[in-house]
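What follows is a single structure, written as structure tokens, with notes after it.
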Amino acid sequence: MAYNGIREQRQDTETINDWGGSSLAAARDFPQKCLGRADRSFSQGLQCQQINSVMALLSMEDAAFVVHSPLGCAGCCSMANDWYRVGQIYRGSMALKNARVLVTNMDERDVVLGAEQKLAKALRLAWERYKPKVIFIFTSCASGIIADDVDSVAQEVNAELPDTVIVPIHCEGFKSKVCASGYDAAFLAITKYVLEKEDAGETIPNLLNVFGPPTVSTVDQMEVERMLGEIGIEANYLPFYASLEKIRRIPRAAASSAICKVFADEFMKDLERRYNIPYSHTIMPIGTRNTDRWLRGAAKLMGKEQEAEAYIAREREAIAPLMADLRRRLEGKTVFITGGTGRTFAAGALVDDFGMKLIGMQTPTYDKNIQEDVERLNAIHGDFVLDVANMMPFEQVNLLRKLKPDVFIGVPIWAARLGLPTTHVLDIKRPTMGYRNLVYLGQKIAAQVENPGYNKRIAQYATLPYKESWYDSDPFKYIVKEG
Ligand code: SF4
């Protein structure tokens with residue numbers, strides 16, 4: 001059966017969203033299907049999958065975007081737009097542009113009578129204003145519940161605009177609790193409305209599709225492209241700052257690779273099925289051993305193993321003295337990591353480059369792709385606390401108060417209020433990937449550990465909204481197993 005874009009419904013793996021406990025127990029029980037489905041009886045809110053579809057594409061410069069929703073759903077566009085603008089600065093642009101977004105602003109009347117006419121009007125307006133090569137439509141819970149026929153509207157308007165491709169993306173938030181489903185929705189739509197309608201064209205032997213999530217900074221993208229260039233591979237890097245032309249080149253690549261474990265993995269499988277394009281699905285290239293694995297995975301498919309080995313040896317040697325110094329400053333420090341699924345597990349191995357010890361992790365999902373990463377981390381660090389949670393800060397602060405790590409790596413809003421030194425690897429502004437950027441990241445972590453005054457001062461004046469009794473409670477008490 002073809003993949004429908006809902007991660008919980010994949011045939012080849014269970015996807016766990018709500019679980020907490022020992023990492024050794026997780027690695028032992030998941031293969032036996034014993035982690036079990038659960039839900040939270042109290043939840044502080046989930047990341048909607050629509051935001052992932054929006055984030056993935058909003059930086060495409062020859063595109064316009066129509067969010068078919070009430071106004072609130074389009075709120076996430078401001079964050080994605082900020083990332084787009086930051087990326088322009090790093091690319092040397094002096095005149096910053098905003099993404100070209102329209103929202104249909106569905107209201108109560110539309111929910112009763114339908115909003116297809118509003119959508120058609122917004123699509124025509126997007127074309128009149130921007131003359132884009134492609135218009136993406138993002139659906140929402142409201143448009144899905146009232147069953148607006150978004151695809152028919154897109155087809156009808158597209159008939160008037162022969163030089164533009166209209167691509168409806170079905171990213172209604174209610175469909176999935178796994179926000180990465182939003183990435184899949186975007187890729188499914190690109191396949192249906194762009195790739196399926198065109199000839200694949202001839203293969204370009206040294207071209208590698210590199211699928212990077214929008215949380216990868218511009219400097220990291222450049223470093224990935226540079227590393228591949230050093231071993232003779234041209235990267236077709238997508239979808240951040242991509243174009244319709246780059247999307248059209250996807251079927252011409254000799255192979256594909258993703259730089260995140262939960263980004264484009266289903267899409268790469270589909271490319272292999274349709275166009276016979278092999279893919280490498282290893283790990284995010286942060287930390288030395290992860291970068292080795294990622295680079296070797298891509299190089300093998302492209303017949304560049306020797307070049308990759310020579311390059312890895314050169315880069316490792318170049319950073320060795322700096323890494324030794326960082327290890328001296330960070331060895332033995334305990335660390336708690338949060339972030340997206342792909343990044344947290346990769347960061348768990350990265351901290352071992354500095355001799356740090358992983359004691360806790362909060363990550364959105366657990367599935368069969370993650371199993372090998374958990375086993376690897378267990379082998380490196382031994383047992384650690386694993387919280388499978390799509391945004392649950394109340395569990396995070398409970399765990400942080402109990403575990404008292406020396407360093408917190410992740411979005412720092414709550415940990416800083418506990419006075420912990422914080423750094424994050426989910427950083428669209430700073431370097432983290434590859435060998436050279438690892439040194440930069442290590443220096444950041446070391447600087448935080450050695451100069452914790454700022455967060456300590458924050459903790460004096462900013463309080464968290466929880467009673468002391470919560471910190472005494474089991475952090476996973478609201479996770480209720482089904483049945
Ligand atoms: S699409 Fe649904 S879940 Fe997402 S922001 Fe809108 S109402 Fe919320």
Side-chain angles (χ1 to χ4, degrees), residues 4-9 15 17-18 39-59 63-84 99-116 118-120 122-123 126 135-151 153-154 166-190 192 213-215 239 262-263 340-341 364-365 388-394 411 413:
N4 64 4
I6 300 173
R7 291 223 155 200
E8 293 94 322
Q9 294 178 8
T15 301
N17 313 310
D18 308 272
D39 207 344
R40 280 178 170 82
S41 59
F42 170 71
S43 172
Q44 282 177 317
L46 303 174
Q47 182 173 327
C48 160
Q49 65 160 321
Q50 189 201 63
I51 186 173
N52 283 44
S53 297
V54 169
M55 287 187 315
L57 301 170
L58 207 78
S59 59
F65 307 88
V66 173
V67 186
H68 188 37
S69 72
L71 201 53
C73 303
C76 62
C77 294
S78 61
M79 184 182 80
N81 188 52
D82 182 47
W83 295 4
Y84 172 49
R100 304 184 292 192
V101 184
L102 283 82
V103 56
T104 52
N105 194 10
M106 293 172 72
D107 57 21
E108 285 176 10
R109 191 171 180 280
D110 299 321
V111 171
V112 176
L113 300 174
E116 291 172 2
K118 261 190 167 176
L119 175 61
L123 290 169
I135 303 174
F136 291 101
I137 304 170
F138 301 107
T139 61
S140 62
C141 292
S143 68
I145 289 167
I146 64 170
D148 266 1
D149 192 348
V150 173
D151 296 75
V153 174
I166 300 182
V167 181
I169 300 173
H170 288 274
C171 51
E172 298 87 355
F174 61 73
K175 283 200 307 199
S176 173
K177 280 169 70 180
V178 182
C179 51
S181 298
Y183 294 144
D184 297 339
F187 286 120
L188 283 171
I190 283 171
K192 182 173 174 186
T215 49
V262 292
F263 187 77
T341 307
T365 47
V388 183
N390 180 354
M391 305 217 170
M392 296 295 153
F394 73 109
V411 177
I413 303 163

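Just the heavy atoms: all of them, side chains too, but no hydrogens, waters or symmetry mates, feed the values below. Since this is a predicted model, take the numbers as computed values, not measurements. We count ligands from 1, going down the list as the structure has it; atoms in each ligand are counted the same way.
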Got a list of side-chain donor-acceptor pairs under 3.5 Å for residues 65-79, not counting sequence neighbours?
{"residue": "His68", "atom": "ND1", "partner": "Thr104", "partner atom": "OG1", "Å": "2.9"}
{"residue": "His68", "atom": "NE2", "partner": "Asp148", "partner atom": "OD2", "Å": "2.8"}
{"residue": "Ser78", "atom": "OG", "partner": "Gly75", "partner atom": "O", "Å": "2.8"}

- Query: Taking side chain as C-beta onward, heavy atoms only, is Ile166 less than 4.5 Å from Leu123?
  - Reply: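 Touching, per the 4.5 Å side-chain cut-off.
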
- Partners meeting salt bridge (Lys or Arg N to Asp or Glu O under 4.0 Å) with Asp39 (sequence neighbours left out):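 Asp39: salt bridge (Lys or Arg N to Asp or Glu O under 4.0 Å) contacts with Lys177.
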
- Does atom 8 (Fe) of ligand 1 have a protein heavy-atom neighbour under 4.0 Å away?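 No, no protein heavy atom sits under 4.0 Å from atom 8 (Fe) of ligand 1.
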
- Sort out for me which residue in Gln49, Arg7, Glu8, Gln9 forms a side chain to side chain donor-acceptor pair (under 3.5 Å) with Ser176.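 Among Gln49, Arg7, Glu8, Gln9, the one that satisfies the side chain to side chain donor-acceptor pair (under 3.5 Å) with Ser176 is Glu8.
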
- Message: Under the rule for side chain to side chain contact (heavy atoms under 4.5 Å, CB included), what residues qualify as partners of Asp151, not counting sequence neighbours?
- Response: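 So Asp151 forms a side chain to side chain contact (heavy atoms under 4.5 Å, CB included) with Asp149, Pro168, His170, Lys192, Tyr193.
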
- Query: Looking at CG of Leu58 and CZ of Arg100, how far apart are the two atoms once the value is rounded to the nearest 0.5 Å?
  - Reply: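 Result: 10.5 Å between the selected atoms.
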
- Message: For a distance under 2.8 Å, give residue and atom name for each protein N, O or S atom next to atom 2 (Fe) of ligand 1.
- Response: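 Checking every protein N, O and S atom gives Cys141 SG.
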
